[in-house]
Amino acid sequence: MAGFEIKKGIYWVGAVDWNIRNFHGHTYTTNRGTTYNSYLIADDKITLVDAVYAPFANELIEKIKEIVPVEKIDYIVVNHIETDHSGALPALLKICPKAKLFGTAKCKEGLFRQYYQNWDFQIVKTGDKLNLGKRNLMFIEAPMIHWPDSMFTYCPEEELLLPNDAFGQHYATSERFDDETDACELMDEAAKYYGNILWPLGAVIARKIEDIMKMNIPIKMIAPSHGIIWRKDPAKIINAYLSWTKNETKRKAVIVYETMWGATEKMSRIIAQGLMDKGVETRLFDIATSDRSNVIKEMLDAKGFIIGSSTHDNDMLTSIAGFLEFLKGLSPKNRLGAAFGSFGWAGGAVKNIEAILKAGGVELIAPGLAVKYMPDEIETKNCYQLGVDFANKI
Ligand code: FEO
């Protein structure tokens, strides 16, 4: 149950949630689990930065107890009110009711609306400082990264940034640091996190990173509130974020489809062949059987999206419809697209896919390809040509 010292006198006292498989309702599949990272700073003023999800409140309390008596906590910094970080606060504040909370104005308002408690709360703004004794904390408001209340906390003496959700990953591990874990898995989870949660907020994130760079504050460690702590190379995740915020892509296409009786699937494989024959990095997913969050991660660095569906009741099938609604909400920029699908008597799927892609900001670069029942010889060639033409344009 022990906490873990990440720097002299600063402890990770969070919880590993090995078995969670869905996050944010069912919008995010956490197939590697997650962690809720909470940090205890044992200075003259005992300070906790962020808490954990309510089911892990006892674990948090037990870990703190091994370091200091919980009732001795003076300050609790609430970087973000979302339940996965604030859920343990009611249990914790029953033990240390005099602890003073620090957060943004939106944090104060949101915390009250979640827990209806009149905790001692001090509103802080960017640049405000809090002296803990040997160390200071400086607060940096970070609205919409990813909620209006969000805030980062920086400790200058330790050159430590505590940015809550930003730079995090849903990644349950026994290791706590980037140099201890598998680098590919770590970046894979960081990309999945950005793609599924932060993608639509790219402009805000880019501005915030720029603001922090202008502050000229050295950052030797980034300790987010999910997953692994970046100590070996914090610049690696900052640079990855900068690339993602710019919507930088590579010559890669992701085909996502849903099929009723195999015709649309057949089309998808022929289109993929056309792309691959032209040297395009290609990924192909049947959305009805694929992990949607992983598909989004694959789309994060792909220039092209090719979406297909059979027609059912004059529209696309339901899994691809849900997926496209989610994709539209992520507002991908600088992407090229095309649609395809099979129909029986009246079509509808292809034009409706095109409409959603356009509404989501994807530029259509090839006419939609609709095929009656199974593709014949000419239509098979047309599918292949769609892949080739698409490859030539990306
Ligand atoms: Fe990890 Fe926005 O909560």
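Start at 1 and go down the list; that is how both ligands and their atoms are numbered.
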*Check the angle between the aromatic planes of H226 and Y36 and answer parallel, tilted or perpendicular using the 30° and 60° thresholds.*
perpendicular
*Going through the checks in order, is the side chain to side chain donor-acceptor pair (under 3.5 Å) test met by N196 and H24?*
CA-CA 10 Å; N196 283 274; H24 279 166; over 6 Å; no
*Answer with yes or no whether the hydrophobic clustering places L327 together with F390; edges join I, L, V, M, F, W, Y residues whose side-chain heavy atoms lie under 4.5 Å apart.*
no
*Do other residues, nucleotides or ligands put more than 12 heavy atoms under 6.0 Å from the NZ atom of K372?*
yes
*Using the ring of F323 (Phe, Tyr or Trp, six-membered ring only), decide whether R292 places NZ or CZ under 6.0 Å from its centre and within 45 degrees of its axis.*
no
_Reference residue D301; test salt bridge (charged side-chain N to carboxylate O under 4.0 Å, His left out); the match among K246, R335, K252, R251_ = K252
*Closer than 2.8 Å to atom 1 (Fe) of ligand 1, how many protein N/O/S atoms do you count?*
4
